Amino acid sequence: MNIPQKLLIIFFLNLFATSGYCQQPGVSAIATAHPLATQAGEKILRLEGNAFDATIAVASTLAVVEPYSSGLGGGGFFLLHDVNGQNVMLDARETAPAKAHRDMYLDKNGEVEVDSSLSMEGPLSAGIPGTPAALVYLAKNHGTLPLSVTLAPAIQYARKGFKVTERYRRWAKFRLKLLQRYKYSAQIFLYNNDVPPLGYKIKQPQLAKTLEAIIKTNGKSFYQGETAKQMVNAVRNAGGIWQLSDLKNYQLKKRKPITGTFGGMQITTAAPPSSGGIVLMSMLNILSGYNIDKATPVQQKHLIIESMRRAYRDRAIYMGDPDFVKIPVSRLLSKNYSSQLRSSINPKKATPSNTLPGVKTKDSSHHTTHFSVLDKQGNRVAATLTINYPFGSGLVAGDSGVLLNDEMDDFSAKPGVPNAYGLVGAEANAIESGKRPLSSMTPTFLETDNHVAILGTPGGSRIITMVLLAALDFKAGNKPDSWVNLPRYHHQYLPDTVYYEPDAMTNDEVKQLTRMGHQLKKLQSPYGDAYARYGNMQAIMWDKKQNKVYAASDPRGEGSVSVFK
Ligand code: GLY
């Protein structure tokens, strides 16, 4: 190396050192929906595990202590930033079993009437799970600790039990009849065939064994061994269509995340088969043409709602499993297309959704879980995992102790059937053998020169608008505490209604927006305003300039955070 080259390198090294930006946070942070999961992640990080080891501990613990949200019998998306590599999304979404077909939920006359309980309850509602494959992959490719260490907290809680909380009781009550229907489910999740009392300990010894078998066989037991046999037998005995080959053929997929920019912020987010990333970027692209910070609160809400309406319309028309349908991603995210969408927005009036031809898709469950992890080296994970409806299909698969998902309900209910406007659509998300149902889960990283944010939330189709509102709040300079507390509102094209939390709109805003043509509906609950709120966001922010790390757990849930050296 000659002298000028050396000087140039020294100059850049000095610039780096004096620029005031920390390259590593030096502290770790975890935000999850359950204190025991946060503790499990912290324990692993304190054992010198990295963010990916902690992710295995958190995801497996949530699978035990939040059985109504996620589990080994479900799937999800893990957005990874490995300081040694590129950002990647692990797609552990459930797949339709080989014998699944597009008409499987039509009634016996072949009429278009859908027996919705078949796609939401019991053996026919369950897709082939992906979460165990992701945990094994993470351990092998990104982690530093063996599964015997990272799965230990989950095994302990499965064997020794965890205490029933208010939240557990609410969801058990919501699906009580379903849980009563299946012997193992009632034995494990109920007490005297009823909702267990507060503080009652739920023990899952069979699930502990299944987790131990995953350690011993590096996951093979779940997809090709004893657990696979137990699950297939249980599903078949209950009238389902799973085969051993469905589990053997399950493939975890690595996807390139959806990326984009908005007002100096870099966004890295979920790729298909989640619609989350494309819809999020599409809304931000539309909004990038406005000076949203300078707009009045009513004007701001109007423009945000109009962007939601348009992006969700495209979700319904174009999106499905990218291995089965060609989603025009580049076009949907292009500047031209977003200016076209923007030009259809009247700044003074709501656009009725029925003047924008499209198709209706089903609203998905508001359940699921999200967690965020940052380790002191700067590795990070945003993971959103699900079994779909609370307690999924309600079916515990025999001696495996695995509660199966009801993710099949995320496929289009009636592909090819004309909707209220006479349009045929939602083909992109029709049921096909081996296909993944379209999701809304949106684990996301936001980055500016000074900050890194890790966030996500459960909430079905409302997930994406929650992440949008949080991203706008991040851009406005606020911290995780503000993002998780934000009052929320949501529009998804059809129904043509803005749903809002009780404190999300003032009376005057409601009046003005109504005058502009918006139909608004305040969310209500017989149990009071606190229960009319939705979402359970878990978020972390690293301020690189001040080298400070902040974490916040949504006050709507029972989660907790930990930030530590
Ligand atoms: N099951 C909820 C989702 O995937 O969006």
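Count residues from 1 along the sequence. When a ligand or atom number is given, it counts from 1 through the structure's own listing order. Since we're looking at a predicted model, the values are computed, not measured.
Not counting sequence neighbours, D321 has no partner by the salt bridge (charged side-chain N to carboxylate O under 4.0 Å, His left out) test. With sequence neighbours left out, Y499 forms a ring-ring contact (aromatic ring centres under 6.0 Å, His included) with no residue at all.
At least one N/O-N/O distance between E407 and ligand 1 falls below 3.5 Å.
Taking every heavy atom of M441 and a limit of under 4.0 angstrom, the matching atoms of ligand 1 come to 3 (C), 4 (O), 5 (O).
Proximity of H367 to ligand 1, defined as any heavy-atom pair under 4.0 Å, is not found for any part of the residue. With a heavy-atom cut-off of 4.0 Å, I463 does not touch ligand 1 at all.
Under the 6.0 Å distance and 45° angle rule, R380 counts as a cation-pi partner of F445.
Partner of T95 under the side-chain contact (heavy atoms from CB on, under 4.5 Å) criterion, chosen from N249, D323, I128: I128.
Using a 4.0 Å cut-off between charged nitrogen and carboxylate oxygen, K99 and D246 do not count as a salt-bridge pair.
At least one heavy atom of R93 sits less than 4.0 Å from an atom of ligand 1.
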